[in-house]
There are 2 protein chains.
Amino acid sequence: MAQRKSPTRPRPAAPPRPRDAEQTRSEILHAARVLFATRGYANAGMREIAAAAGITPALVVRYFGSKRDLFIAAIESDIGLGPFLGPDRATVGRHIARYFFSKPVREADTLSILLHAAGEPEVCDLATELLAARVIQPLARWLGPPRAEARASLLLAIISGTWLFRQALPMRAFTGGPDTALASCMAAQIQHVVDGLPEA
Amino acid sequence: MAQRKSPTRPRPAAPPRPRDAEQTRSEILHAARVLFATRGYANAGMREIAAAAGITPALVVRYFGSKRDLFIAAIESDIGLGPFLGPDRATVGRHIARYFFSKPVREADTLSILLHAAGEPEVCDLATELLAARVIQPLARWLGPPRAEARASLLLAIISGTWLFRQALPMRAFTGGPDTALASCMAAQIQHVVDGLPEA
DNA sequence: GTTTTTTGTAAACGCCTGTTGACTTCTAGC
DNA sequence: GCTAGAAGTCAACAGGCGTTTACAAAAAAC
């Protein structure tokens with residue numbers, strides 16, 4: 001049988017990466033979250049993610065199986081408005097608006113990842129299912145009648161639209177801080193929906 | 001000099017496409033708009049667009065130069081809320097909501113194309129500039145004080161968020177018709193912003 | 001001390017992409 | 001009728017993609 005060449009190439013002087021599987025795995029996941037959130041699923045390449053994690057693309061595959069499985073792992077973390085859904089309903093609008101207009105734009109948040117999944121045939125369904133289960137349903141329960149699910153959906157649309165133009169499709173008006181006119185308008189708007197949204 | 005082979009392959013029996021440059025150009029543009037709107041910039045391939053137009057990818061390049069130039073041509077058409085910005089301010093919320101919840105989901109509208117440009121490094125800036133010039137500015141002028149630009153931005157966020165979850169990231173609650181609870185909530189919501197958005 | 005398993009790298013694979021150049025074929029002008 | 005140019009097809013290119021295979025080396029097990 002044919003014998004393979006064993007060139008024993010000169011090993012480079014670069015110090016080898018310390019072997020820590022758990023840390024490597026979390027570094028891959030963090031890099032993937034950042035790149036999925038900023039570039040979207042299609043534009044974030046495996047080589048780019050691997051380079052950001054300081055490793056080789058083959059290792060990403062070994063840890064997570066495939067790009068799609070990596071995406072699933074990247075969105076399987078905390079998402080939802082849970083922290084805001086407390087007993088104090090009178091100021092929740094201001095709190096949510098302040099939170100989203102204080103958030104650093106380039107952070108690796110799950111909402112950005114999911115919004116970037118729009119139109120990606122591979123991961124679009126996953127994104128919508130996650131949003132329905134983790135955002136719409138708890139929010140509708142917290143809101144209560146009347147028209148709980150419609151009001152919850154509308155809140156998701158407001159927040160997502162705002163965050164879309166702040167993070168993914170950045171427009172000047174949306175990139176300011178929590179003390180801008182837009183932030184206070186958003187707060188009033190959210191509060192209006194929370195309070196029951198009387199018919200126009 | 002080397003002479004090229006001239007194989008004179010047998011011509012297939014398929015009837016040749018009628019030669020009409022103007023019609024071909026508009027068919028390419030329509031196919032591009034549909035595919036950019038449904039699949040996004042990255043996922044809509046030149047071969048796919050060419051096939052939808054019934055021609056060859058090389059011809060798409062000859063008509064439009066490059067994929068990016070084709071995208072520019074695809075968004076250089078009517079966009080904006082112009083038709084709604086009339087003298088009747090009391091019912092504009094209902095009109096806009098009814099329009100967007102009556103629109104067929106798979107139509108090739110410019111808003112979908114622009115939302116799908118999120119995160120695409122090649123075309124992201126174009127999309128935001130077009131939205132600012134053709135939507136935000138006229139809308140702010142029509143709205144008037146107080147905080148015209150902030151309210152205009154908020155309206156864009158509401159409409160875009162709603163349309164995003166109806167078209168690009170389709171969720172059950174958003175795919176209904178103009179008589180659903182969500183549509184009437186959206187109408188009330190828009191009207192509230194148009195009317196001046198009193199502080200919460 | 002030797003063997004086995006884990007953790008990592010390097011190079012390639014097949015496929016798909018946008019784009020190009022050479023080539024036909026229809027059509028309009030003379 | 002002949003010719004020039006427009007309209008369209010075909011095949012290939014270079015490069016990027018996700019993924020796989022082969023291999024090296026450190027750590028762990030015995």
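Computed over heavy atoms, backbone and side chain alike; hydrogens, waters and symmetry mates excluded. Sequence lines set the chain letters: A, B, ... in the order given, protein chains first and strands last, and positions in each chain run from 1.
Closest contact between the side chain of A:Thr56 and the listed nucleotides C:dT9, D:dA27, D:dT19 involves C:dT9. The nucleotide whose nearest atom lies closest to any side-chain atom of A:Ala58 is, among D:dG8, D:dT20, D:dA26, D:dT20. If you check C:dT9, D:dA7, D:dT9 against the side chain of B:Ile55, the one that comes closest is D:dT9.
Atoms CD1 (A:Ile49) and P (D:dG18) sit 8 Å apart, rounded to a whole Å. As a whole-Å value, the separation of A:Glu48 CD from D:dT19 P is 15 Å. Remark: C1' of C:dC23 and CZ of B:Arg62 are 11 Å apart, rounded to the nearest angstrom. The interatomic distance linking A:Phe64 (CZ) with D:dG18 (C1') rounds to 16 Å, in whole Å. Remark: C1' of C:dC16 and CD of A:Glu122 are 13 Å apart, rounded to the nearest angstrom. Rounded to a whole Å, the CG atom of A:Asp20 is 10 Å from the C1' atom of C:dT7. Rounded to whole Å, atom P of C:dT19 lies 8 Å from atom NZ of B:Lys67. Atom CG in A:Leu59 sits roughly 16 Å away from atom P in C:dA11 (whole-Å rounding).
Nucleic acid contact class of A:Ala44 (heavy atoms, under 4.0 Å, all strands): sugar-phosphate only.
A donor-acceptor pair shorter than 3.5 Å can be found between the side chains of B:Arg33 and B:Thr110.
Considering only side-chain N and O atoms, B:Thr24 lies under 4.0 angstrom from the phosphate OP1 or OP2 of D:dG8. The side chain of A:Tyr63 places no N or O atom within less than 4.0 Å of a non-bridging phosphate oxygen (OP1 or OP2) of C:dT7.
Mapping B:Gly54 and A:Arg68 onto DNA chain D by nearest heavy atom places B:Gly54 closer to the 5' end of the strand.
No more than 12 heavy atoms of other residues, nucleotides or ligands lie within 6.0 Å of CZ in A:Arg172, so this atom counts as exposed by the packing criterion.
The aromatic rings of B:Phe36 and B:Phe71 sit perpendicular to each other, their planes meeting at more than 60°, with 30° as the lower class boundary.
Residue A:Arg47 places no side-chain atom within donor-acceptor reach of the base of D:dG16, judged by atom type and a 3.5 Å distance cut-off alone.
Rounded to the nearest 0.5 angstrom, B:Leu169 CG and B:Phe174 CZ are separated by 10.0 Å.
Salt bridge annotation for B:Arg39-B:Glu48: present, with a cationic side-chain nitrogen under 4.0 angstrom from a carboxylate oxygen.
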